[in-house]
2 protein chains.
Amino acid sequence: MADTLQHLFSEHGLRCTKQRRAIYKALCGHCGHPTADELYQAVKSRVEGISLATVYNTLEALCCAGLAYKLSGCGGNGSTRYDAAGEDHLHLRCRKTGQVADAPDDLGRRILEHIPSELIDELQHRTGFTVSKIQLDLVGEFKPRKHDREPVA
Amino acid sequence: MADTLQHLFSEHGLRCTKQRRAIYKALCGHCGHPTADELYQAVKSRVEGISLATVYNTLEALCCAGLAYKLSGCGGNGSTRYDAAGEDHLHLRCRKTGQVADAPDDLGRRILEHIPSELIDELQHRTGFTVSKIQLDLVGEFKPRKHDREPVA
DNA sequence: GTACGTGCAAAATGTTTGCATCATT
DNA sequence: AATGATGCAAACATTTTGCACGTAC
């Protein structure tokens, strides 16, 4: 797989360093949506002396190359979260806690399937914007513990 | 409308101060997705002595109440952007610049209409997550100036 | 009158940058 | 050999917080 990575990186004009390999693997292997610091924690035991700045730099490079995405926003503590650029998937974002979870795969896929690609095409035509990824976030709450006073419409 | 705002705020358990009114109006009236500082600039001429901290506090309160949303992420310069919680709409997010634009209203609406609500319902059932807003972001680029080397699938 | 909001400034993040050194190509 | 990546630490920007005072309820 190191071989594949080598290839993948050079395809996108990126040098293949052990730091980048480790960061990219950690990003792909992570079950959630790690922050830069979480990736740093994950990687620093495997790559001696790696620095947080390198993690940021690498993530920036990966995002530029289209191999990763920033999710940020999220509202929680204010740190940006990253996502390996796999297939499109669907996030559940808790407005209160900033927590981000993935929707069950099958459901996410079924929902995304319903987005008509001809409308996306029309949009690309009309706006001159090239869509490379669809990111559907459902914003809401995980535990509606009490209804408080939210008739919310 | 001040009256309506009064009402709206108290519905959500928020006190109605002139600062909050001004910030909320500026947020609704803004044609893009302002940052906290942009809102501060916009209101400080109308509300004497208002402070940036109040803008942040108010935005936090509005988000908590569900009257506004954080967009952040965006990648650009790193400041969070906010969005009045109007109807769901669709953002175009440039991966390179962090720029965020709204899709043309009609297209956005048509695309969102195609998301089957029974799937959303099923998801709410299965995950215990309460969806209050659907946010669809199309990530890509505004000016595909050159194809570089992105066969991107 | 009381609880909550405000303003100010300081503190706490989170992220970026400059520069010398090192590794990949 | 040359270009680009790394590590470190300092610089930067953004966001949060503590406290005294003011204001909406």
Side-chain angles (χ1 to χ4, degrees), chain A residues 2-3 5-24 33-41 43-44 46-65 67-68 70-82 98 149, chain B residues 2-3 5-24 33-41 43-44 46-65 67-68 70-82 98 149:
Chain A
D3 204 37
L5 271 190
Q6 164 78 279
H7 224 108
L8 180 65
F9 282 178
S10 82
E11 290 263 321
H12 290 267
L14 301 174
R15 284 201 183 168
C16 187
T17 67
K18 59 176 182 292
Q19 291 89 341
R20 290 181 170 186
R21 273 191 300 266
I23 293 166
Y24 185 69
H33 301 285
T35 61
D37 195 68
E38 284 167 356
L39 286 171
Y40 174 58
Q41 299 305 330
V43 163
K44 81 174 172 193
R46 311 174 113 268
V47 181
E48 166 141 27
I50 193 172
S51 84
L52 181 55
T54 296
V55 175
Y56 276 106
N57 289 336
T58 296
L59 287 170
E60 175 66 22
L62 290 175
C63 287
C64 255
L67 294 174
K70 287 190 181 187
L71 300 183
S72 45
C74 308
N77 45 12
S79 38
T80 304
R81 296 189 165 278
Y82 294 85
R149 80 253 303 291
Chain B
D3 205 37
L5 270 190
Q6 165 77 281
H7 224 109
L8 180 66
F9 282 178
S10 80
E11 290 263 320
H12 290 268
L14 300 175
R15 285 199 181 170
C16 185
T17 67
K18 60 175 181 295
Q19 290 89 342
R20 289 181 172 188
R21 274 192 299 266
I23 293 166
Y24 185 69
H33 301 286
T35 60
D37 195 67
E38 283 166 356
L39 286 171
Y40 175 59
Q41 300 304 330
V43 289
K44 82 174 173 195
R46 311 174 114 269
V47 181
E48 164 140 29
I50 193 173
S51 84
L52 181 56
T54 296
V55 175
Y56 276 107
N57 288 336
T58 296
L59 287 170
E60 174 66 22
L62 291 174
C63 287
C64 254
L67 294 174
K70 286 190 179 185
L71 300 184
S72 46
C74 308
N77 45 12
S79 38
T80 305
R81 296 191 165 275
Y82 295 85
R149 80 250 307 287

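Sequence lines set the chain letters: A, B, ... in the order given, protein chains first and strands last, and positions in each chain run from 1.
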Measure the spacing between [atom1] of [X] and [atom2] of [Y] and express it to the nearest 0.5 Å.
X     : Y     : atom1 : atom2 : result
B/L59 : B/L39 : CG    : CG    : 6.0 Å
B/L5  : B/S10 : CG    : OG    : 11.0 Å
A/Q6  : A/R21 : CD    : CZ    : 7.5 Å

Find the distance [X]:[atom1] to [N]:[atom2] and express it as a whole number of Å.
X     : N      : atom1 : atom2 : value
A/F9  : D/dG4  : CZ    : P     : 17 Å
A/L62 : D/dT6  : CG    : P     : 10 Å
A/L52 : C/dT15 : CG    : P     : 9 Å
A/N57 : D/dC8  : CG    : C1'   : 12 Å
A/R81 : C/dG14 : CZ    : P     : 11 Å
A/Y40 : D/dC8  : OH    : C1'   : 10 Å
A/E60 : C/dT16 : CD    : P     : 6 Å
A/E48 : D/dC8  : CD    : P     : 10 Å

(request) Using five base pairs at each end, measure the axis-to-axis angle across the helix from C/dG1-D/dC25 to C/dT25-D/dA1 and round it to 10 degrees. (result)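 The value is 60°.
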(message) Test your reading of the model: is there a side-chain donor-acceptor pair from B/H12 to the backbone of B/A65, 3.5 Å cut-off?
(response)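 Yes: the side chain of B/H12 pairs with the backbone of B/A65.
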(message) Heavy-atom nearest nucleotide on DNA chain C for A/A53 versus B/V55: which residue maps closer to 5'?
(response)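 The residue mapped nearer the 5' terminus is B/V55.
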Phosphate-side-chain proximity, [X] and [N], N/O vs OP1/OP2 below 4.0 Å:
X     : N      : answer
A/S51 : D/dC8  : no
A/Y56 : C/dT15 : yes
B/T80 : D/dT15 : yes

(message) Starting the side chain at C-beta, find the nucleotide from D/dT15, C/dG14, C/dT6 nearest to A/S79.
(response)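 Of the candidates, C/dG14 comes closest.
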(request) Evaluate the criterion side-chain contact (heavy atoms from CB on, under 4.5 Å) for residue pair B/T17 and B/T54; output intermediate values, then yes/no. (result) CA-CA 11 Å; B/T17 67; B/T54 296; over 6 Å; no
(request) Summarise how protein sits on nucleotides 19-25 of chain D as a single string, 5' to 3': B when a protein heavy atom is under 4.0 Å from the base, S for sugar-phosphate-only contact, - for no contact. (result) ----BBS
(request) Not counting sequence neighbours, which residues clear side chain to side chain contact (heavy atoms under 4.5 Å, CB included) with B/A53? List them please. (result)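 Listed in chain order: B/S51.
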(request) Please name all residues satisfying side chain to side chain contact (heavy atoms under 4.5 Å, CB included) with A/Y56, sequence neighbours left out, ordered by chain then number. (result)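 Listed in chain order: A/A36, A/L52, A/Y82.
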(request) Identify, with sequence neighbours excluded, every residue that meets side chain to side chain donor-acceptor pair (under 3.5 Å) alongside A/K44. (result)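 Side chain to side chain donor-acceptor pair (under 3.5 Å) list for A/K44, sorted by chain: A/Q41.
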(request) For B/D37, report the nucleic acid contact type (base, sugar-phosphate, nothing); a contact means any heavy atom under 4.0 Å. (result)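 No contact.
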(message) For B/F9, give me all partners under ring pair (Phe, Tyr, Trp, His ring centres under 6.0 Å), at least two apart in sequence or on another chain.
(response)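 Applying ring pair (Phe, Tyr, Trp, His ring centres under 6.0 Å) to B/F9 gives B/Y24.
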